[in-house]
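Worth knowing before you read on, the calculation uses all heavy atoms, side chains too, and leaves out hydrogens, waters and symmetry mates. For ligands, and for the atoms within them, numbers begin at 1 and follow the listed sequence.
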Amino acid sequence: MEELTADTITLEVLQEARETVTRSPLGVINTPMIPWCQTTLPLPQPCNVYLKLENMQKTGSFKLRGVANQFSRRPKAGHFVTMSAGNYGKSFAYASKHYGTKGKVVMPDTAPISRSLLIQTFGIEVERVPTSRVLNVVDRCVQEDNMTFMHSYNDPDLIAGHASLGFEILEVVPDPDVVVVCCGGGGLLAGVAASLKLSGCEKTRIYGVEPDGACTMYRSFIEKKPVGMDSKSIASGLAPPFAGALPYALCRKYVAEIVLVTEEEIKSAVSTLYNTGLVVEPSGCAAFAALVNGKIPDVTGKKVVVILSGGNIGKDELANFPD
Ligand SMILES: Cc1ncc(COP(=O)(O)O)c(C=O)c1O
């Protein structure tokens with residue numbers, strides 16, 4: 001099979017992936033998009049905000065979209081290994097159970113223990129190791145135990161599956177002026193940006209948002225190549241050690257800018273959304289945090305779509321956030 005690159009990710013490839021995601025036996029949901037009621041929160045610049053509620057997606061995050069496409073293109077009798085702080089691992093585990101494939105998730109030992117337990121309930125093995133050793137352990141599983149690696153962000157099939165989110169946005173708001181997306185390794189941002197731009201949204205400005213302590217894509221834009229750093233953030237899903245090479249190439253092509261938010265801004269966004277009835281985890285609310293803190297330029301009077309990308313947060317974790 002031909003390897004997909006930034007240039008071979010065409011509209012047809014993404015549309016085909018969307019069909020796969022829509023028809024997937026994993027039951028991916030076309031999530032609601034709701035207008036943000038501005039009377040509850042004055043925005044720094046008044047604009048028409050639409051929230052795409054991917055926190056209500058099956059498994060609690062957008063990751064299932066990419067996983068649905070990834071699994072549809074893998075042999076059904078494999079033994080797979082991945083690395084994940086939680087959300088990809090959860091979707092991977094759910095899909096593995098559905099397809100009856102064997103799987104293992106290598107997790108940084110900073111991830112909440114509840115995430116490991118949940119993944120294990122799907123019959124998937126979990127190995128918790130210090131963040132610096134995650135890649136080595138995955139390597140060992142591939143070299144010595146003959147497992148096949150499935151990447152949680154740097155994978156063309158995964159990115160093409162995430163693009164289904166962009167097509168759904170256009171069905172509700174066909175001509176968004178601005179779309180704001182949380183960014184970790186960049187798979188989600190790349191997929192959404194590619195689907196919008198290839199669908200003809202030439203004028204739409206697409207922004208990626210990263211925590212300031214985990215800004216690999218931001219630095220990659222500056223250094224003009226995908227780079228890594230010692231990432232740290234309360235938004236663990238947005239803090240992988242490297243920006244993905246394929247996500248980077250797609251983001252350079254289709255994304256206007258990467259903006260940064262602080263840990264305090266992320267925490268306060270979790271609380272703001274919770275107080276309006278929306279349970280969103282730190283990794284899922286960075287895009288919202290950027291908008292309400294005036295980090296997205298020129299939004300006055302514009303149609304702005306913000307993706308709330310995940311809602312996997314427990315009561316215990318929520319207790320750590322301001323009222
Ligand atoms: C809720 C949430 N949003 C966004 C992201 C970032 O996704 P990506 O690594 O594709 O940039 C993640 C990654 O785990 C996540 O869990």
Side-chain angles (χ1 to χ4, degrees), residues 31 51-67 69-70 82-93 105 107-108 110-112 115 118-119 134 150-166 179-195 206-211 214-218 220 226 228 231 233-251 254-255 258 261 266 269-270 273 278-290 306-313 317:
T31 51
L51 300 177
K52 177 70 170 160
L53 301 187
E54 209 55 19
N55 57 324
M56 297 178 74
Q57 184 55 262
K58 202 175 214 177
T59 73
S61 84
F62 72 95
K63 290 278 186 185
L64 192 63
R65 296 174 180 274
V67 164
N69 196 43
Q70 244 181 344
T82 191
M83 52 180 186
S84 166
N87 281 339
Y88 179 83
K90 189 173 174 189
S91 292
F92 169 89
V105 178
M107 270 200 164
T110 46
R115 306 263 159 98
L118 183 85
I119 287 169
V134 169
M150 279 174 81
H151 207 293
S152 55
Y153 53 87
N154 192 26
D155 179 299
D157 298 327
L158 181 86
I159 293 170
H162 293 339
S164 59
L165 215 166
V179 176
V180 196
V181 189
C182 303
C183 178
L188 173 64
L189 177 60
V192 170
S195 61
I206 301 162
Y207 293 89
V209 184
E210 291 187 311
C215 52
T216 53
M217 191 61 82
Y218 178 85
S220 300
S231 297
S233 175
I234 185 167
S236 55
L238 305 186
F242 292 99
L246 180 57
Y248 166 75
L250 287 161
C251 290
Y254 299 126
V255 169
I258 307 292
V261 287
I266 292 174
V270 170
L273 290 168
L278 294 168
V279 178
V280 186
E281 65 187 276
S283 299
C285 70
F288 180 79
V306 174
I307 299 172
L308 304 181
S309 49
N312 284 310
I313 183 165
E317 284 175 79

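Under the side chain to side chain donor-acceptor pair (under 3.5 Å) criterion, no residue pair touches residues 179-192, with sequence neighbours excluded.
Pairing each heavy atom of Gly161 with each of Arg65, the nearest pair is O-CB, 3.5 Å.
Below 4.0 Å from some heavy atom of Gly310 lie the following atoms of ligand 1, by number and element: 1 (C). Applying the 4.0 Å criterion to heavy atoms of Gly187 picks out, from ligand 1, the atoms 8 (P), 10 (O), 11 (O). Atoms of ligand 1 found under 4.0 Å from any heavy atom of Asn87, numbered from 1 in the order shown, are 1 (C), 15 (C), 16 (O).
Across Ala239, Gly184, Ser309, Gly237, heavy-atom proximity to atom 2 (C) of ligand 1 is greatest for Ser309.
The closest protein non-hydrogen atom to atom 9 (O) of ligand 1 is Gly185 N, 2.9 Å. For atom 5 (C) of ligand 1, the nearest non-hydrogen atom of the protein is Leu238 CD2, 3.5 Å.
Of the heavy atoms in Lys63, only side-chain atoms (C-beta onward) come closer than 4.0 Å to ligand 1.
Among Leu188, Leu189, Val181, the one residue that satisfies the side-chain contact (heavy atoms from CB on, under 4.5 Å) test with Ser309 is Leu188.
The closest donor-acceptor contact from the side chain of Lys63 to the backbone of Ser152 lies under 3.5 Å.
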Would you give me the side-chain donor-acceptor pairs under 3.5 Å for residues 240-248, sequence neighbours excluded?
unit_1 : atom_1 : unit_2 : atom_2 : d
Tyr248 : OH     : Lys224 : O      : 3.2
Tyr248 : OH     : Lys225 : N      : 3.2
Tyr248 : OH     : Arg252 : NH1    : 2.9

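Residue-ligand proximity: Cys183 is placed with a non-hydrogen atom under 4.0 Å from ligand 1.
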